[in-house]
2 protein chains.
Amino acid sequence: MPCNIARIRVSGYEGGDQGNHGTPMQHLYAMPGHLIRRAHQISGALFAEELDGFDLTSVQFGALYAIRAHPGVDATRLSSLIAFDRSTLGGVIERLEAKGWIRRDPAPGDRRAKRLHLTAEGEKLLRDVEEPVRRVQERLLAPLPPGDRATFLRLLAQLTQLHAGTPGMDDCPE
Amino acid sequence: MPCNIARIRVSGYEGGDQGNHGTPMQHLYAMPGHLIRRAHQISGALFAEELDGFDLTSVQFGALYAIRAHPGVDATRLSSLIAFDRSTLGGVIERLEAKGWIRRDPAPGDRRAKRLHLTAEGEKLLRDVEEPVRRVQERLLAPLPPGDRATFLRLLAQLTQLHAGTPGMDDCPE
DNA sequence: TGCTTATTGACCGCATACGGTCTTTTCAAC
DNA sequence: GTTGAAAAGACCGTATGCGGTCAATAAGCA
């Protein structure tokens with residue numbers, strides 16, 4: 001019974017004692033940060049529900065998907081492609097390899113790097129989960145009026161893309 | 001030098017070997033799930049950057065903020081108010097208490113529950129971080145054209161709220 | 001009143017997420 | 001040609017995130 005939202009029954013907000021705490025700060029429910037966290041949470045829940053039985057997380061799917069599109073990438077470049085922390089990706093790759101979905105071959109000409117490839121099982125898995133994953137994306141946007149879905153996606157893409165160049169996010173050596 | 005995006009240098013997508021993998025599935029970068037994950041990641045990075053030195057995570061802030069608005073809540077109700085998993089919240093509360101920002105008092109009339117309250121230090125902390133937190137929310141939306149920010153927020157709020165009642169998300173005992 | 005069920009908090013286990021360090025290896029500059 | 005910076009992978013430590021179980025307690029019901 002996939003229902004991992006079960007434990008997250010969000011109570012409607014009835015105001016609480018919002019009163020005298022000095023400055024009347026913005027409400028939590030109106031903060032973009034909180035809303036984005038919720039959306040991320042819902043996204044994960046929908047993924048887990050649609051992909052029940054595949055033993056595949058959304059993070060693992062993203063990695064597999066990118067490896068298929070970039071056969072032979074090394075872990076560092078992959079982490080940059082899909083915006084995973086390098087340390088995090090290490091564990092993800094380890095689990096993907098343990099499940100037999102990817103191979104890690106030594107890179108010819110560079111004894112540091114290991115090149116990532118899908119196995120036949122990995123290819124099959126990606127084909128099998130294609131439909132469920134598509135449903136996740138559909139259901140995620142389903143609550144929005146059809147006419148607003150493209151707008152939402154456009155703004156979301158704009159927000160994430162433009163933050164890559166925000167001062168303060170970029171004061172790191174290229 | 002807070003720059004926790006440093007390790008997440010997202011490479012522009014140049015197409016890779018997107019070619020013959022059977023069905024031409026949607027691109028990862030166009031999937032709402034991926035974009036929401038990125039937005040969440042950016043949100044966390046901005047929070048960490050603006051709140052550098054406060055030893056406070058965005059999750060901990062959310063909990064503190066909600067406890068201030070609902071003095072005396074128990075952990076279970078709090079988790080429902082801010083949509084944290086009950087297990088996760090346990091650790092968060094533990095850390096907040098260890099840092100002296102909240103108290104856990106036994107609930108009169110119920111020997112199971114413990115009621116949560118801010119300490120004076122917790123109150124002060126919340127006042128001190130108010131401005132940085134406000135900046136996080138501003139910077140998060142800054143890449144969007146001013147006229148689109150309200151639209152984005154509205155759609156995001158609509159998406160998260162309406163998902164609470166989605167069939168499949170709700171097939172759990174009330 | 002006694003039994004069944006629900007609620008609360010405390011754990012455990014696994015999977016991210018991210019900052020930091022270390023070793024090995026490469027490469028470029030001197 | 002050696003040396004120092006840069007790159008790649010392997011770890012470690014802490015904080016979430018979430019599913020599951022368990023014991024103590026409370027509440028509803030026969």
Side-chain angles (χ1 to χ4, degrees), chain A residues 1-9 37-38 40-45 47-49 52 55-63 73-80 82-99 104 106-107 109-116 172-174, chain B residues 1-9 37-38 40-45 47-49 52 55-63 73-80 82-99 104 106-107 109-116 172-174:
Chain A
M1 189 71 63
C3 178
N4 47 19
I5 285 287
R7 298 169 64 147
I8 312 175
R9 303 229 58 81
R37 190 189 65 80
R38 282 286 291 142
H40 181 234
Q41 188 179 46
I42 290 164
S43 172
F47 193 97
E49 188 182 316
D52 184 49
D55 190 27
L56 180 75
T57 68
S58 61
V59 165
Q60 290 167 13
F61 167 77
V73 274
D74 57 277
T76 298
R77 209 162 313 183
L78 178 62
S79 80
S80 148
I82 55 185
F84 284 9
D85 184 85
R86 181 61 190 80
S87 296
T88 302
L89 186 58
V92 175
I93 286 177
E94 193 178 314
R95 284 180 283 277
L96 290 178
E97 194 184 19
K99 286 187 263 200
R104 259 194 299 190
D110 190 336
R111 268 179 294 180
R112 295 170 302 178
K114 296 177 181 173
R115 316 192 61 170
L116 304 172
C172 319
E174 183 70 27
Chain B
M1 190 68 62
C3 178
N4 48 18
I5 285 289
R7 299 169 63 147
I8 313 175
R9 303 228 59 82
R37 191 189 64 80
R38 282 286 292 142
H40 182 234
Q41 188 178 44
I42 290 165
S43 172
F47 193 97
E49 187 182 317
D52 184 48
D55 190 27
L56 180 75
T57 68
S58 61
V59 166
Q60 290 167 13
F61 166 77
V73 273
D74 58 277
T76 298
R77 210 162 313 182
L78 178 61
S79 79
S80 149
I82 55 186
F84 284 9
D85 184 85
R86 181 62 190 80
S87 296
T88 302
L89 186 57
V92 175
I93 286 178
E94 194 178 312
R95 285 179 283 276
L96 290 178
E97 194 183 20
K99 287 188 263 203
R104 258 193 301 189
D110 192 336
R111 269 178 294 179
R112 294 170 304 176
K114 295 178 182 171
R115 316 192 62 170
L116 304 172
C172 319
E174 183 70 26

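All values reported here derive from a predicted model rather than from experimental measurement.
- Put simply, CD1 on A/I82 is 12 Å from P on C/dC18, counting in whole angstrom units.
- In this model, the phosphate group of C/dG9 is approached by a side-chain N or O of B/R86 to a distance below 4.0 Å at OP1 or OP2.
- Nucleotide D/dT16 holds its C1' atom 16 Å from the CZ atom of A/R38, rounded to whole Å.
- When the nucleotides C/dA17, D/dA8, D/dT16 are ranked by their closest atom to the side chain of B/R37, C/dA17 comes out on top.
- As rounded to whole Å, 12 Å separates atom C1' of D/dA15 from atom NE2 of B/H40.
- Side-chain atoms of B/A75 lie closest to C/dG9 of the nucleotides C/dG9, C/dA17, D/dT16.
- For the residue pair A/R104 and A/L116, the shortest heavy atom distance occurs at CG-CD2, 3.2 Å.
- The two residues B/L96 and B/A63 have their closest heavy-atom pair at CD1-CB, 3.9 Å.
- Within 4.0 Å (heavy atoms only), B/R104 reaches sugar-phosphate atoms of the nucleic acid but no base atom.
- Residue-to-nucleotide proximity on DNA chain C shows that, of A/T57 and B/K114, the 5′-proximal contact is made by B/K114.
- For the pair A/Q60 CD and C/dA17 P, the interatomic distance rounds to 11 Å; values are reported in whole Å.
- When the side-chain nitrogen and oxygen atoms of A/T76 are compared with OP1 and OP2 of D/dG9, one or more of them lie within a distance under 4.0 Å.
- Between B/F61 and B/F47, the ring planes lie tilted relative to each other; the angle falls in the 30° to 60° range.
- Rounded to a whole Å, the CD atom of A/Q41 is 17 Å from the P atom of C/dT16.
- Close to D/dA8, at under 4.0 Å from its OP1 or OP2, lies no side-chain N or O of A/R111.
- In this structure, CG of B/L116 is placed 11 Å from C1' of C/dG9, rounded to the nearest angstrom.
- Without hydrogens or angle criteria, A/R37 side chain to B/A83 main chain gives a donor-acceptor distance under 3.5 Å.
- Side-chain contact between A/D74 and A/R115 is absent, with no heavy atoms from C-beta onward closer than 4.5 Å.
- Computed from coordinates, the A/R77 CZ to D/dG9 C1' distance equals 14 Å when rounded to whole Å.
- The side chain of B/R112 lies closest to D/dA26 when the candidates are C/dA17, D/dG9, D/dA26.
- Distances were taken from every side-chain heavy atom of B/D85 (C-beta onward) to each of D/dG17, C/dT16, C/dG9; the shortest belongs to D/dG17.
- Mapped onto DNA chain D by nearest heavy atom, A/S87 and A/D110 fall at different nucleotides, with A/D110 at the one closer to the 5' end.
- Counting to the nearest Å, the C1' atom of C/dT16 and the CZ atom of A/F61 are 17 Å from each other.
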